[in-house]
Chemist: 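Let me begin by handing over the structure; questions about it come next.
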Amino acid sequence: MSAKYIFVTGGVVSSLGKGLAAASIGCLLESRGISVNLMKFDPYLNVDPGTMSPFQHGEVFVTDDGAETDLDLGHYERFTHARLSRDNNWTTGRIYEQIIAKERRGDYLGKTVQVIPHVTNEIKSAMKKVAQDVDVCIVEIGGTVGDIESLPFIEAIRQMRQELGRENTLFVHVTLVPFIAAAQELKTKPTQHSVKELLSVGIQPDMLLCRTDRFLSKEIKSKIALFCNVEEEAVITAKDVDSIYEVPLVFSHERVDALALKYLHLSAKDRDLTQWEELVHRVYNPKDDVNIAIVGKYVEYEDSYKSLKEALIHGALAHNLRLQTSWIEAEGLEGGERACEEQLGHYDGILVPGGFGKRGIEGMLQAIGYARRNKVPYFGICLGMQTACIEVARSLAGLQKANSSEFDPATPHRVIYKLRELRGVEELGGTMRLGAWTCKIEPGTLAHRIYGKNEISERHRHRYEFNREYESMLTAAGLRISGATPDGTYVEIIELPDHPHFIGCQFHPEFKSKPLEPHPLFESFVAACYQNGQKRRTDKESADVEMFHRPIKVGGR
Ligand code: GLN
C-alpha cells in the first residue's frame with residue numbers, strides 16, 4: 001500500500017508552531033500503531049541552514065547522515081521514532097541546485113525548464129521518496145501562505161491531492177485565533193483571511209489547528225467552520241501550553257488523530273499515550289529545581305540552542321526535577337574569579353555549549369576554570385570541550401598561550417587546530433565534520449560509567465579538533481582522554497578524574513536526546529548538578545548553624 005500524506009501549512013503569522021504540530025500529529029499516529037515519516041520544505045534560497053546565522057535561523061539540527069537541517073527536524077525526532085536524513089529537509093535552494101545540475105547535464109533534452117512542472121515535480125518526487133515504507137508521511141511547508149517563496153511548494157501539494165485523491169491526502173492548516181483585550185473577544189477574521197489565501201492557490205484545508213490562549217467555544221468553532229468551509233469537528237483548539245510535551249495530549253483531547261484517520265480512511269488501534277501522560281505529569285509535578293548556567297554567546301536567542309535546552313529538560317525530567325537555566329553572556333565573565341563568583345556562584349552546574357568564532361572565548365575559559373577549581377559539575381559540548389582542553393593546557397600544563405587556531409591563528413600552542421582533512425578547504429557550506437561517527441570509550445572512566453558501553457555513535461558538527469601532539473603534556477597535567485574514534489584519529493571525550501563531574505565531548509549529544517529516552521550525558525550531568533546543589537545547601541545550613549552557636553565574646557571578660 002502506498003503512503004498517505006498529511007500536509008501542514010501555516011497562516012496569519014510565523015512561529016505558530018507548525019513544526020510542533022506536525023511532530024505531535026506524528027506522535028499521535030504512532031501511538032495508534034501507524035508508521036510515520038516527516039519532512040520539511042523551507043522556502044528560502046540557501047542550500048541548507050548550515051551557513052546561516054543562528055540569529056536568523058536558530059539551531060542547525062544535524063542528522064545521522066550529516067545533513068545540516070532546520071530545527072523542526074529536532075522536534076520530529078524527539079516526538080516520533082522517525083529516523084531522519086538529508087531527504088527529510090529541502091530548501092528551495094537545494095531543489096534548484098538539483099534542477100540546475102540536471103539541466104547542465106542535458107537531462108531535460110532541450111526543453112524549457114520551468115517552475116511548473118520541473119520544480120513541482122522535483123518537490124513531489126522528494127515527498128514520494130520519504131513516504132516509501134511508511135503508512136503516513138507528514139509534510140510541513142515552511143513559511144506562511146501568501147509568501148511568494150512558498151508558492152511552488154503549495155502548488156506541489158495541490159497537485160498531490162489531484163493525483164492521489166481525498167482519501168490519501170489531508171490538508172492541515174495552522175492559524176491564529178487571537179484574543180483581543182480591548183474587545184474582550186476571540187477574533188476569527190485572521191483565520192478566515194488565511195484560509196481565503198489558501199483557497200486562492202487551490203487548496204481547501206480539511207482541518208484547522210487554531211492557535212489560541214483559551215478554549216474555543218462551540219459558537220466560535222461553528223463560525224470558523226461555516227466561513228472556512230471545514231467540518232466543525234475539524235476546527236481544533238490548539239491552546240497554548242507551558243510544556244511542548246503536552247501538545248500531543250491537547251491534540252488527542254481534540255481528537256486530531258481520530259479525525260485524521262477518518263479523513264484518510266485508515267483504521268488503527270486505540271491510542272496508547274500512557275508514557276506521554278506520565279511524562280507530562282512529571283513536567284508539572286517536579287520534586288525540586290536544578291539550576292544550571294549555560295555560558296556562551298548567542299545566548300539572548302534561545303532558538304539557537306533548541307535541542308540543548310530540550311536535552312537538559314529531558315535530563316532533569318529523568319530525575320523528576322524542574323530545569324532552571326540561565327544563559328550567561330560569556331563576555332561578561334572576562335573579569336575572572338570575582339565575576340564568575342558573582343554570576344555563577346549560585347548555580348548547581350555550568351555548561352559551555354557549541355559555538356563558533358572568537359567572541360566570548362576568554363569568558364568561557366574563566367567559567368571553566370571556576371568550575372574546575374570549585375568542583376562545580378562541568379559539561380562542555382563541542383566548543384565547550386575544546387575550551388576545556390585550552391583551560392587545562394593554560395592552567396595545569398603551564399602553556400599560558402595555549403589556544404585554538406580558530407581564535408588565535410598565531411598561537412604558539414595550538415592545542416586545538418583545524419581538522420587535518422579540511423586544510424586548504426575554503427568553502428564554508430557543508431565542509432565540516434558532520435553526522436554520526438563511532439567513538440570508543442575507555443573502561444574505568446566517567447564516560448564509561450555514564451554510557452555503560454564500550455562503543456557509541458554520536459553526531460558531529462565541527463571544523464577544529466584536539467591536537468594529539470599535546471596529549472602527553474595534558475594527560476600528565478591531569479586530563480584524561482576517555483573517548484576517541486576507533487582508529488584513534490579524533491579525540492571525542494575528555495574528563496578530569498580528580499573532579500566530581502567534569503566532562504567534555506567533541507560531538508553534540510543533544511541531537512539524540514528524547515523526552516522518553518533522555519541522553520545519558522545529560523541525565524548524569526543534571527544528577528551531578530543536583531547533588532552539588534544539595535551539598536552546597538547543606539554546607540551552607542551547617543555553616544549558618546555554626547555561626548549561630550559560636551559563643552559571643554562580651555567585652556571585658
Ligand atoms: N568552532 C568549533 C569548531 O568548529 C566548535 C564547533 C561547535 O561547537 N559546533 O570545531
Side-chain angles (χ1 to χ4, degrees), residues 48-55 57-64 66-69 71 74 294-299 301 303-309 311-312 327 330 350-365 367-368 378-391 393 402-409 411 414-437 439 458-468 470 483-485 489-494 503-513 521:
D48 63 40
T51 52
M52 289 165 82
S53 149
F55 293 113
H57 185 272
E59 168 183 276
V60 175
F61 185 78
V62 179
T63 54
D64 269 341
E68 298 176 275
T69 72
L71 60 79
I294 304 174
V295 177
K297 52 177 196 175
Y298 323 126
V299 288
Y301 186 47
D303 260 7
S304 40
Y305 290 109
K306 195 92 196 155
S307 298
L308 173 76
K309 182 77 186 285
L312 281 168
W327 302 80
I350 297 171
L351 187 149
V352 174
F356 295 84
K358 191 170 183 281
R359 183 165 74 78
I361 296 297
E362 292 304 318
M364 292 171 207
L365 293 173
I368 296 166
Y378 175 73
F379 185 14
I381 297 176
C382 203
L383 176 69
M385 174 264 198
Q386 298 175 353
T387 40
C389 295
I390 298 170
E391 204 284 323
N403 217 327
S404 160
S405 54
E406 179 180 8
F407 321 130
D408 178 9
T411 172
R414 298 184 308 161
V415 173
I416 306 292
Y417 63 178
K418 187 106 171 248
L419 282 162
R420 283 155 280 176
E421 66 267 37
L422 287 186
R423 308 249 164 93
V425 176
E426 293 304 325
E427 204 166 283
L428 290 184
T431 52
M432 281 186 262
R433 180 169 176 245
L434 290 164
W437 288 70
C439 163
E458 294 282 3
R459 299 181 190 169
H460 296 68
R461 182 169 186 257
H462 64 118
R463 194 168 271 125
Y464 292 80
E465 58 162 316
F466 180 87
N467 178 353
R468 286 208 115 148
Y470 286 92
T485 43
T489 307
Y490 300 112
V491 169
E492 298 279 27
I493 313 178
I494 57 101
I503 193 159
C505 53
Q506 185 58 80
F507 45 81
H508 290 269
E510 67 270 31
F511 293 143
K512 284 181 73 171
S513 187
L521 279 170

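Counting convention: from 1, in listed order, for ligands and their atoms alike.
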Chemist: Quick one: list whatever passes side-chain hydrogen bond (donor to acceptor under 3.5 Å, both in side chains) with Thr63, sequence neighbours left out.
Modeler: Asp65
Chemist: Report the residues that fulfil ring-ring contact (aromatic ring centres under 6.0 Å, His included) with Phe507, sequence neighbours left out, ordered by chain and then residue number.
Modeler: His460
Chemist: So Leu308 and Ile294, do their side chains get closer than 4.5 Å, heavy atoms only?
Modeler: yes
Chemist: Is there a side-chain contact between His462 and Tyr464 in this structure, where contact means two heavy atoms from C-beta onward sitting under 4.5 Å apart?
Modeler: no
Chemist: Note down each nitrogen or oxygen pair, ligand 1 side and protein side, whose separation is under 3.5 Å; give only atom names and the distance to 0.1 Å.
Modeler:
{"unit_1": "ligand 1", "atom_1": "1 (N)", "unit_2": "Gly355", "atom_2": "O", "d": "2.9"}
{"unit_1": "ligand 1", "atom_1": "1 (N)", "unit_2": "Glu406", "atom_2": "OE1", "d": "2.7"}
{"unit_1": "ligand 1", "atom_1": "1 (N)", "unit_2": "Glu406", "atom_2": "OE2", "d": "3.1"}
{"unit_1": "ligand 1", "atom_1": "4 (O)", "unit_2": "Arg463", "atom_2": "N", "d": "2.9"}
{"unit_1": "ligand 1", "atom_1": "8 (O)", "unit_2": "Gly355", "atom_2": "N", "d": "2.9"}
{"unit_1": "ligand 1", "atom_1": "8 (O)", "unit_2": "Gly355", "atom_2": "O", "d": "3.4"}
{"unit_1": "ligand 1", "atom_1": "8 (O)", "unit_2": "Leu383", "atom_2": "N", "d": "3.0"}
{"unit_1": "ligand 1", "atom_1": "9 (N)", "unit_2": "Arg461", "atom_2": "O", "d": "2.9"}
{"unit_1": "ligand 1", "atom_1": "9 (N)", "unit_2": "His508", "atom_2": "NE2", "d": "3.1"}
{"unit_1": "ligand 1", "atom_1": "10 (O)", "unit_2": "Gln386", "atom_2": "NE2", "d": "3.0"}
{"unit_1": "ligand 1", "atom_1": "10 (O)", "unit_2": "Arg463", "atom_2": "N", "d": "3.1"}
{"unit_1": "ligand 1", "atom_1": "10 (O)", "unit_2": "Tyr464", "atom_2": "N", "d": "2.8"}

Chemist: State, with a plain yes or no, whether a side-chain heavy atom of Gln506 is found less than 4.5 Å away from one of Cys382.
Modeler: yes
Chemist: Going by side-chain contact (heavy atoms from CB on, under 4.5 Å), name the residues that satisfy it together with Val60, two or more places apart in sequence or in a different chain.
Modeler: Pro49, Glu68, Arg461
